[in-house]
Amino acid sequence: KVHLVESGGGSVQAGGSLTLSCEASGFTGNNYFSQYFMAWFSQAPGKEREGVAGITSNGGGNGPGITYYSDSAKGRFTISRDNTKKTLYLQMDNLTPEDTAMYYCAARIFGGFWSAAATFSDWGQGTQVTVSS
């Protein structure tokens with residue numbers, strides 16, 4: 001089973017930046033990190049988990065994957081991956097209090113809509129992001 005560990009969360013003031021990281025391990029057999037579609041989700045208290053950004057596998061190479069963003073993340077957040085390091089990143093700029101949530105890293109091999117949480121097979125424990133005004 002793929003093991004995902006997020007880090008980089010914290011407390012910042014509005015307008016600040018954070019970079020989240022997600023280190024992946026536990027790949028066995030013919031499964032490799034580079035084969036997985038990866039995504040970041042957020043979940044605020046009392047709300048459903050929602051997709052923030054996703055990035056495709058890139059065929060085993062280390063080039064950029066195709067990226068997807070929620071409307072609220074577009075233009076402020078950047079998702080990227082380093083297949084050599086088996087790590088997913090989320091650069092978060094111009095943060096607002098509305099971005100306050102637990103952020104989760106998720107992985108899947110099979111397809112589906114990029115932000116459909118039910119299609120992801122592996123999840124991290126989350127890292128908390130708190131933005132004050």
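Just so it is clear, the structure is predicted and the values come from calculations on it, not from any experiment.
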Step-by-step side chain to side chain contact (heavy atoms under 4.5 Å, CB included) determination, L4 to Q125
CA-CA 8 Å; L4 302 173; Q125 294 300 306; over 6 Å; no
Can S7 and S21 be said to form a side chain to side chain contact (heavy atoms under 4.5 Å, CB included), step by step?
CA-CA 5 Å; S7 61; S21 299; 3.7 Å; yes
Evaluate M92 against Y103 for side chain to side chain contact (heavy atoms under 4.5 Å, CB included), listing each step before the verdict.
CA-CA 11 Å; M92 308 167 70; Y103 284 74; 3.6 Å; yes
List the steps, then state whether side chain to side chain contact (heavy atoms under 4.5 Å, CB included) holds for L95 with Q13.
CA-CA 8 Å; L95 285 160; Q13 290 191 326; over 6 Å; no
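From T87, atom OG1 reaches atom CD of E23 across 4.5 Å, with rounding to the nearest 0.5 Å. Rounded to the nearest 0.5 angstrom, D99 CG and S72 OG are separated by 6.5 Å. Between atom CD of residue Q43 and atom CD of residue Q128 there is a gap of 11.0 Å, rounded to the nearest 0.5 Å.
In this structure, T100 contributes its side chain and E98 its backbone to no donor-acceptor pair below 3.5 Å. With E6 contributing its side chain and G126 its backbone, the two residues share a donor-acceptor pair below 3.5 Å. A donor-acceptor pair under 3.5 Å is formed between the side chain of R81 and the backbone N or O of T56. Listed for the T127 side chain is a donor-acceptor partner under 3.5 Å among the backbone atoms of G9.
A chain of hydrophobic side-chain contacts below 4.5 Å, direct or via other Ile, Leu, Val, Met, Phe, Trp or Tyr residues, connects I66 to F120. Put simply, V2 and Y32 are part of two different groups of oily side chains (I, L, V, M, F, W, Y) that touch within less than 4.5 Å, one to the next.
More than 12 heavy-atom neighbours from other residues, nucleotides or ligands sit within 6.0 angstrom of CD1 on I109.
The nearest pair of heavy atoms linking A24 to F33 is CB-CD1, 3.7 Å. Taking all atoms of both residues into account, the shortest heavy-atom contact from A39 to F41 is CB-CE1, 3.7 Å.
In this structure, F37 and F110 have side chains that are not in contact, with every pair of non-hydrogen atoms separated by 4.5 Å or more. When side chains are defined from C-beta on, Y89 counts as touching S80, because their heavy atoms get closer than 4.5 Å. Considering only heavy atoms from C-beta on, P97 comes within 4.5 Å of S133 through its side chain. Residues L18 and V129 are in side-chain contact: their nearest non-hydrogen atoms beyond the backbone lie under 4.5 Å apart.
A search for ring-ring contact (aromatic ring centres under 6.0 Å, His included) contacts involving Y36 returns F27, not counting sequence neighbours.
F77 has its ring centre no less than 6.0 Å from the ring centre of W40.
Partner of L88 under the side chain to side chain contact (heavy atoms under 4.5 Å, CB included) criterion, chosen from I79, D82, L20, N83: I79.
The stretch residues 104-119 participates, sequence neighbours left out, in these side-chain hydrogen bond (donor to acceptor under 3.5 Å, both in side chains) pairs: R108-T119.
Under 3.5 Å, the side chains of Q91 and T19 contain a donor-acceptor pair of N or O atoms.
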